[in-house]
Amino acid sequence: MLKITRFASILAVFGLTVALSACTNEGKSENAPLANPKACVKTITPAASAEVPEVKPAENAPVPAVTAGTKFGEEPAIAPGEGNAPNDFIRNILISGTGTEVSSGADVVVNYKGQKWNGEVFDSSWGRGSTASFNLHNVVDGWRWGLAGTHVGDRVELVIPPKLGYRELTPDEQALKAAGQQVPGKHELAGETLVFVVDVVFSPPVLAETQLAAYTQVLSKSMPTGAKLPDGLKIYCQPGEEPQPAYVENSKVPSQPRTVWTMEGQGRTIEAGDQIGYVIVYGSWGDAPKSTWTNGSSVSWAQAEDVQAVGKKVGSRAVLVGPPNESAPRGVVQIVDIVDAMSLSDKGAVPAQ
């Protein structure tokens with residue numbers, strides 16, 4: 001099975017798993033913040049430029065034929081490869097889409113089927129009944145460089161040699177695998193040439209400064225819900241500005257995970273199946289936070305169900321806190337502002353506000 005990382009749920013950026021609490025009008029905290037904020041940031045920094053591909057696939061070279069399920073969205077049947085597996089990395093565009101171009105570090109939603117060169121199928125999102133979501137930094141090199149430069153709506157066939165898949169085997173390791181034994185320390189697909197057919201269902205657009213400015217305008221229209229923040233936590237800056245957490249001296253993170261929707265957006269209602277765009281300020285309780293507003297990560301994307309945002313509105317804010325873990329040793333704090341939502345039927349071509 002191809003080990004791909006699905007979109008990280010906002011609720012699990014630091015391993016935090018919570019059930020969203022209802023917004024309640026509990027009044028304002030009387031705690032005084034520990035420190036005054038720095039100047040409030042009013043813009044989202046564009047994402048860093050796409051990386052130059054490290055490996056370029058050969059285009060339109062011979063590949064195993066798709067013998068059935070030839071339309072986008074249909075599960076394909078892929079013939080076994082003929083003869084010895086090639087050493088080349090190959091990409092063929094079987095169907096050309098017109099949506100967003102996929103960058104080398106993009107979040108993507110795909111359907112895919114994978115098999116060995118001999119035709120043995122080892123994984124299929126169609127077989128599982130759902131699309132797969134992941135970031136191209138978190139997959140094998142053949143997937144990353146094979147999908148970079150494609151477009152939403154493309155159907156792509158990839159032939160990935162071992163060096164760009166799950167790595168090559170030494171002669172001794174090959175003999176061990178041929179004898180039906182697991183090679184210690186190696187993936188079960190190590191040494192295999194892999195064949196994939198991939199439908200690119202969604203990838204977010206590359207956002208220019210004008211679109212990012214429009215997002216801050218969306219956030220600026222958000223209204224407070226009246227929900228109370230956890231004791232000891234204060235958030236500075238106005239809607240449409242990067243939120244700045246501050247903490248009461250000697251305060252402690254709540255012992256139980258908690259999520260509070262503190263701002264209600266005025267954008268469209270988020271529906272099941274939507275991809276949501278968000279910016280996040282995150283860190284450990286009491287420490288200086290990190291922020292995708294300013295660190296070059298820009299807007300991230302996730303499925304609405306993964307972040308329990310179905311029924312919320314674009315422009316809403318969730319504040320998440322939770323007990324310490326490895327990534328946040330003093331306790332988890334996350335401030336998530338939802339800036340956009342897209343239906344997969346839009347194929348990622350146009351942001352929906």
Electrostatic pair [X]:[Y] at N-O distance under 4.0 angstrom:
{"X": "Lys42", "Y": "Glu241", "answer": "yes"}
{"X": "Glu192", "Y": "Lys177", "answer": "yes"}
{"X": "Asp199", "Y": "Lys71", "answer": "no"}
{"X": "Asp141", "Y": "Arg167", "answer": "yes"}

(message) I want to know whether Tyr278 and Trp301 have ring centres closer than 6.0 Å.
(response)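 That pair fails the under 6.0 Å test.
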(request) Rounded to the nearest 0.5 Å, what's the gap from OG on Ser220 to OH on Tyr215? Could you check? (result)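 Reported to 0.5 Å precision, the distance equals 14.5 Å.
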(message) Could you measure the distance from the CG atom of Asp337 to the CD atom of Glu242? Nearest 0.5 Å is fine.
(response)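 Between Asp337 CG and Glu242 CD, I get 10.0 Å after rounding to 0.5 Å.
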(request) Answer yes if Met342 and Leu212 sit in the same cluster of Ile, Leu, Val, Met, Phe, Trp and Tyr residues linked by side chain heavy atoms under 4.5 Å apart, and no otherwise. (result)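 In one cluster with Met342: Leu212, yes.
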(request) May I ask you to check if Lys56 and Trp145 form a cation-pi contact, with NZ or CZ under 6.0 angstrom from the six-membered ring centre and within 45° of the axis? (result)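 Checked: cation-pi criterion not met.
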Are side-chain heavy atoms of [X] and [Y] found at a separation under 4.5 Å?
{"X": "Val121", "Y": "Lys113", "result": "yes"}
{"X": "Glu188", "Y": "Gln182", "result": "yes"}
{"X": "Pro64", "Y": "Val195", "result": "yes"}

Are [X] and [Y] close enough that a side-chain donor and a side-chain acceptor fall under 3.5 Å?
{"X": "Arg144", "Y": "His137", "answer": "yes"}
{"X": "Ser343", "Y": "Glu271", "answer": "no"}
{"X": "Asp123", "Y": "Tyr112", "answer": "yes"}

(request) Determine, step by step, whether Ser297 and Asn295 satisfy the side chain to side chain donor-acceptor pair (under 3.5 Å) criterion, reporting the C-alpha distance in whole Å, the side-chain angles of both residues, the deciding distance to 0.1 Å, and the verdict. (result) CA-CA 6 Å; Ser297 297; Asn295 69 1; 3.0 Å; yes
